[in-house]
Amino acid sequence: MYLQRLKETGDFLSITRENEFNLPPEQFTLDNGTIVKVLDTGVIEFTPARYGDKDFVFSSAVHGNETAPIEICDQLIQAIIAEHITLTHRVLFIFGNPKSINIGQRFVDENLNRLFCGKHSEGGVDNPERQRAKKLEHYVEQFFTMAGQGRYRAHYDLHTAIRDSKNEKFAVYPFLHGKPHKREQLQFLLSCGVQTVLLMSEPASTFSYFSSRHFDADAFTIELGKVRPFGDNDMSRFAKAKATLEALITQETVTYPELHADDVELFSVYRTINRHHEDFSFTFADDVPNFTGFAKGELLGHDGEQEIRAEVEGEAIIFPNAKVALGQRALLTVVPTKLTDEFI
Ligand SMILES: O=C(O)CCC(=O)N[C@@H](CCC(=O)O)C(=O)O
Ligand SMILES: [Zn+2]
């Protein structure tokens with residue numbers, strides 16, 4: 001039904017938006033031999049005829065109002081289908097939450113990026129986001145496992161942040177359970193224009209953590225700028241990210257400039273603050289940017305009767321959101337750290 005249109009236009013994003021919950025699987029082959037497989041709405045896999053030993057997942061629209069990453073992925077998909085670029089490696093693109101794109105909201109019923117690692121099936125709740133998280137886990141598992149063992153895997157989950165950020169672009173490096181962080185991944189991020197990286201210190205139920213933990217993928221949540229509606233993104237600000245992602249899937253190997261400690265700003269997550277009470281607020285305004293530091297003892301907010309105060313000098317705020325559901329993360333705080341020998 002939609003296949004002819006996809007072949008002619010490459011506009012998988014529009015087809016996805018017109019089919020918010022389901023799309024029958026279809027496949028075809030490009031003249032250059034690349035097999036194009038639509039697995040579901042928002043899920044499209046490309047397999048070059050002779051593919052290299054790296055498998056990439058690029059996801060966007062896990063939050064529907066974060067439009068710049070959606071535009072980047074849309075452009076890459078169109079370029080592949082039009083054969084303006086030729087793939088070297090397998091790649092799976094995911095538009096996470098099509099209905100939330102259409103309503104221009106972070107999510108519809110529940111934050112999709114808190115439902116991975118099986119959380120979708122806990123608590124006796126069912127909704128479209130829970131069903132979607134379960135399916136996305138399955139598609140990623142299938143993609144990473146079906147081409148065989150011993151292959152390199154990466155999953156870059158592309159987002160934009162609700163607030164301004166002192167450091168406009170930054171990445172969240174999921175908790176690695178003692179495995180070493182990789183310098184080469186910092187080089188990849190720098191090439192995308194991302195100089196700031198937060199090292200998580202505990203498990204999470206995010207999409208990037210899922211791929212990191214279960215498939216040993218190099219995985220990040222990458223914040224590329226600020227949330228804006230379609231049409232308001234200055235795509236020149238995302239040119240480096242798009243070019244780097246394109247290089248990863250079209251070149252056998254991407255080589256990056258040498259990494260110097262001064263090139264990157266690293267933070268370790270000091271603590272996660274979850275919301276426990278209806279009466280929850282921050283003392284700082286909505287326009288206070290991410291990475292703003294507070295003096296030790298300074299009042300950051302209230303959770304019911306409980307005061308939230310900075311515990312260490314310079315404790316800086318990331319992703320403050322007083323409106324999250326009860327039990328969910330309302331704030332991350334970070335402190336600076338250094339590039340150490342722990343990075344391989
Ligand atoms: O700006 C915000 O408050 C949220 C931006 C966003 O969606 N961030 C991700 C980070 C996921 C992670 O911790 O890896 C999220 O909150 O889901
Ligand atoms: Zn997001």
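The shown structure was predicted, so the numbers you read here are calculated from the model rather than taken from an experiment. Residue numbers run from 1 in the order of the sequence given. One-based numbering, in listed order, for ligands and for the atoms of each.
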Go through ligand 1 atom by atom and flag the ones less than 4.0 Å from a non-hydrogen atom of [X].
X	value
A161	1 (O)
E66	7 (O)
T206	11 (C), 12 (C), 14 (O)
R329	10 (C), 11 (C), 12 (C), 13 (O), 15 (C), 16 (O)
H63	7 (O), 15 (C), 17 (O)

Using a distance-only test with no angle check, is there a side-chain donor-acceptor pair under 3.5 angstrom linking [X] and [Y]?
X	Y	answer
T244	S191	yes
H276	D303	no
Q185	Y156	yes
E342	H181	yes
E66	H63	yes
N127	Q131	no
T272	E202	yes

Looking at ligand 1, does any of its N/O atoms fall within less than 3.5 Å of an N/O of [X]?
X	result
I162	yes
N111	no
R163	no

What protein heavy atom lies closest to [atom]? Include the residue and the distance to one decimal.
atom	answer
atom 2 (C) of ligand 1	F319 CD2, 3.2 Å
atom 16 (O) of ligand 1	R114 NH2, 2.8 Å
atom 9 (C) of ligand 1	E223 OE2, 3.5 Å

**Report entry** Hydrophobic cluster (4.5 angstrom, side-chain heavy atoms) - remaining members for Y139
**Finding:** L39, V43, V57, V62, L92, I94, L112, F116, L136, V140, F143, F144, F207, F210, F215
Report task. Between N321, N113, D157, V324, flag the one that comes closest to atom 17 (O) of ligand 1 by a heavy atom. Result -> N113
Query raised in the report: Which residue from N290, T221, L112 reaches closest to atom 12 (C) of ligand 1 through any of its heavy atoms?
Result: T221
Query raised in the report: Within the distance-only criterion (no hydrogens, no angle test), does the side chain of D232 pair as donor or acceptor with the backbone N or O of R228 below 3.5 angstrom?
Result: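 The answer is no, because no donor-acceptor pair under 3.5 Å joins these two groups.
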Query raised in the report: Can a salt bridge be assigned to the pair K37 and E26 using a cut-off of 4.0 Å between side-chain N and carboxylate O?
Result: no
**Report entry** Centroid-centroid distance, F12 to F93, less than 6.0 Å
**Finding:**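 Judged by ring-centre distance (under 6.0 Å), F12 and F93 do not meet the cut-off.
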Query raised in the report: Are the ring centres of F175 and Y173 closer than 6.0 Å?
Result: no
Query raised in the report: Does at least one non-hydrogen atom of M200 fall below 4.0 angstrom from an atom of ligand 1?
Result: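 It does not, in that no heavy atom of M200 comes within the 4.0 Å cut-off of ligand 1.
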Query - Geometric class of the F188/Y256 ring pair [parallel <30°, tilted 30-60°, perpendicular >60°] - result: perpendicular
Query raised in the report: Which protein N, O or S atoms sit under 2.8 Å from the Zn ion (ligand 2)?
Result: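 H63 ND1, E66 OE1, E66 OE2, H159 ND1, with waters left out.
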